[in-house]
Amino acid sequence: MTVLVTGGAGFIGSNFIFHMLDAHPDYRIVCVDKLTYAGNLSTLESVMDDPNFRFCKLDICDREGVDELFAEEKPDIVVNFAAESHVDRSIENPEIFLQTNIVGTSVMMDAARKYGVKRYHQVSTDEVYGDLPLDRPDLFFTETTPIHTSSPYSSSKAGADLLVLAYHRTYGLPVTISRCSNNYGPYHFPEKLIPLMIANALADKPLPVYGKGENVRDWLYVEDHCKAIDLIIHNGRVGEVYNVGGHNEMANIDIVKLICKELGKPESLITYVTDRKGHDMRYAIDPTKIHNELGWLPETKFADGIKKTIKWYLENEKWWKDIISGEYQNYYEKMYGNR
Ligand code: NAD
Ligand code: TYD
């Protein structure tokens with residue numbers, strides 16, 4: 001069995017590759033990644049010499065390159081993680097989001113059709129459902145919640161999802177889609193909330209909380225997401241969407257305070273800054289379908305997962321310090337300098 005994983009040098013893709021090599025020692029895993037600012041080859045260092053693993057530096061929008069790779073590898077399963085993934089960057093510059101997230105998805109699916117893959121899996125997000133109000137804790141996203149996006153990022157992911165379902169209906173491509181809530185864990189790029197706050201707190205720098213910090217996200221430990229995708233690509237029903245989330249809702253401010261506590265840093269580091277434009281209030285997943293059909297349940301509780309994550313950042317300083325010492329400094333200055 002050959003599984004082609006795109007975006008495998010990023011946060012969730014790399015964790016998925018580690019999971020697959022471990023859980024399926026007889027599988028061949030081929031990773032395709034363009035190595036954008038968010039992709040780090042150092043993340044994959046531990047598997048580079050694994051005979052069951054191949055890394056291929058390639059843009060998923062490169063039709064010829066993708067075709068050649070499919071001709072060579074004849075993958076059985078494709079899992080598409082590759083994307084521009086940061087909402088704040090999408091607000092600054094939407095174009096690359098449309099290119100990679102929508103056009104790239106169509107290029108991957110055209111190759112999947114041509115070479116007759118057994119399963120094309122699209123890694124999507126709960127953000128395609130828009131947001132829920134804070135005063136209605138009884139509401140959750142189900143797979144039938146209408147698509148209703150807020151940011152260029154979520155709109156590009158929603159566009160890709162619609163295209164994936166259209167390829168299923170029009171061409172009979174055997175697709176599945178997972179829509180997951182916010183992930184956290186090792187190798188999370190330090191522009192995102194949890195690793196950014198850990199890195200800043202360790203450096204005694206201000207902790208920039210957008211708006212009042214009331215926005216709620218439904219946090220899932222990355223390994224639990226990877227296990228869900230493994231189940232879906234093997235046992236999920238073709239043409240179906242599966243929501244993935246762990247009923248683990250937290251307000252941003254509570255997460256930042258927890259990080260301060262775990263690191264022994266004062267809450268006086270917290271700085272309220274200008275809110276994100278169009279900022280979604282609350283995400284909350286109803287995971288009943290994946291639980292009932294595939295038996296999936298999250299295994300890591302947030303209290304344990306956040307401790308494990310902080311420990312990982314403490315033990316792997318070089319990984320994130322190399323990142324934040326480079327081009328990322330310009331990004332940080334631009335986004336937070338006058339906020
Ligand atoms: P990430 O930004 O950490 O990684 C994205 C990876 O894709 C990087 O390695 C990057 O180099 C690669 N990439 C970008 N453009 C590419 C292109 N044109 N061709 C080939 N490779 C390219 O993102 P992530 O957080 O790991 O997210 C992975 C996927 O999961 C995305 O599709 C995202 O929408 C989805 N998702 C993320 C979350 C989350 O909380 N992070 C939650 C739900 C869904
Ligand atoms: P993020 O990690 O960017 O994920 P997403 O926007 O996809 O949910 O942000 C998580 C939440 O944290 C979101 O409500 C925005 C907020 N946030 C801050 O308050 N400060 C920050 O510096 C960042 C990056 C995010």
Side-chain angles (χ1 to χ4, degrees), residues 5-16 31-41 43-44 56-62 65-66 79-91 96-97 99-101 103-105 107-108 122-128 131 150-151 153-154 156-157 160-161 177-185 187-197 200 206-220 222 225-226 229 243-245 250-253 255-256 270-276 278-283 285 332 335-336 339:
V5 177
T6 71
F11 166 43
I12 310 175
S14 61
N15 278 283
F16 182 72
C31 170
V32 165
D33 201 295
K34 183 183 173 184
L35 297 180
T36 67
Y37 80 92
N40 284 287
L41 216 40
T43 302
L44 295 171
C56 187
K57 184 175 185 305
L58 184 65
D59 185 338
I60 60 163
C61 301
D62 173 354
V66 167
V79 184
N80 186 26
F81 289 92
E84 288 294 331
S85 68
H86 193 36
V87 173
D88 292 327
R89 287 185 192 253
S90 83
I91 293 167
I96 184 70
F97 285 73
Q99 190 61 25
T100 289
N101 299 4
V103 176
T105 295
V107 170
M108 292 306 298
Q122 179 74 3
V123 181
S124 186
T125 163
D126 60 355
E127 300 192 27
V128 301
D131 64 351
S150 313
S151 70
Y153 162 68
S154 56
S156 67
K157 292 296 289 184
D161 281 15
I177 297 177
S178 51
R179 293 183 179 146
C180 191
S181 57
N182 286 60
N183 286 212
Y184 68 102
Y187 300 108
H188 203 179
F189 195 85
E191 69 187 348
K192 304 284 171 58
L193 178 77
I194 289 180
L196 185 145
M197 296 300 168
N200 280 18
L207 307 176
V209 171
Y210 298 168
K212 294 184 188 150
E214 288 172 330
N215 307 64
V216 168
R217 299 291 183 263
D218 181 1
W219 294 93
L220 184 71
V222 63
H225 185 191
C226 296
I229 295 173
N243 281 357
V244 184
M250 301 267 296
N252 295 339
I253 187 65
I255 296 215
V256 178
I270 295 172
T271 313
Y272 293 93
V273 300
T274 311
D275 209 352
R276 173 185 280 172
H279 199 173
D280 280 336
M281 282 316 299
R282 170 176 170 250
Y283 302 144
I285 283 274
Y332 198 89
M335 300 301 267
Y336 296 93
R339 195 154 186 158

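First listed ligand is number 1; within each ligand, the first listed atom is number 1. Numbering starts at 1 and runs along the sequence shown.
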Asn80-ligand 1 polar pair, N/O distance under 3.5 Å: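 No, no N or O pair falls under 3.5 Å.
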
Under 3.5 Å: N/O of Tyr37 near N/O of ligand 1: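 Checking ligand 1 against Tyr37, no N or O pair falls under 3.5 Å apart.
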
Among [options], which residue places a heavy atom closest to [atom]?
atom	options	answer
atom 33 (C) of ligand 1	Tyr153, Phe81, Tyr184	Tyr153
atom 5 (P) of ligand 2	Glu127, Lys212, Lys192, Met250	Glu127
atom 3 (O) of ligand 1	Tyr187, Phe189, Phe11, Phe16	Phe11

Over-ring placement of Arg89 relative to Tyr37, 6.0 Å and 45° cut-offs: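 Yes, Arg89 lies over the aromatic ring of Tyr37.
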
Heavy atom of Met335, distance to ligand 2 below 4.0 Å: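 So Met335 does not count as touching ligand 2.
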
Sub-4.0 Å heavy-atom approach of Tyr336 to ligand 2: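 Contact present.
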
Nearest-neighbour protein heavy atom for [atom], which is reported as residue plus atom name and distance:
atom	result
atom 2 (O) of ligand 2	Leu193 N, 2.9 Å
atom 44 (C) of ligand 1	Ser124 O, 3.0 Å
atom 8 (O) of ligand 2	Arg217 NE, 2.7 Å

pair Ser150-Val87: side-chain heavy atoms closer than 4.5 Å: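 Of all side-chain heavy-atom pairs linking Val87 with Ser150, none is under 4.5 Å.
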
For [X], state whether at least one heavy atom is located under 4.0 Å from any atom of ligand 1.
X	answer
Cys180	yes
Ser181	yes
Thr6	no
Leu58	yes

Polar proximity ligand 2 side, Glu191 side, N/O cut 3.5 Å exclusive: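 Glu191 vs ligand 2: no N/O contact under 3.5 Å.
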
Heteroatom distance test (Val87, ligand 2): nitrogen or oxygen, under 3.5 angstrom: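 So ligand 2 has no N or O lying under 3.5 Å from an N or O of Val87.
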
Atoms of ligand 2 close to Val209 [distance to a heavy atom under 4.0 angstrom, numbered from 1]: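 By the 4.0 Å cutoff, the relevant atoms are 19 (O).
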
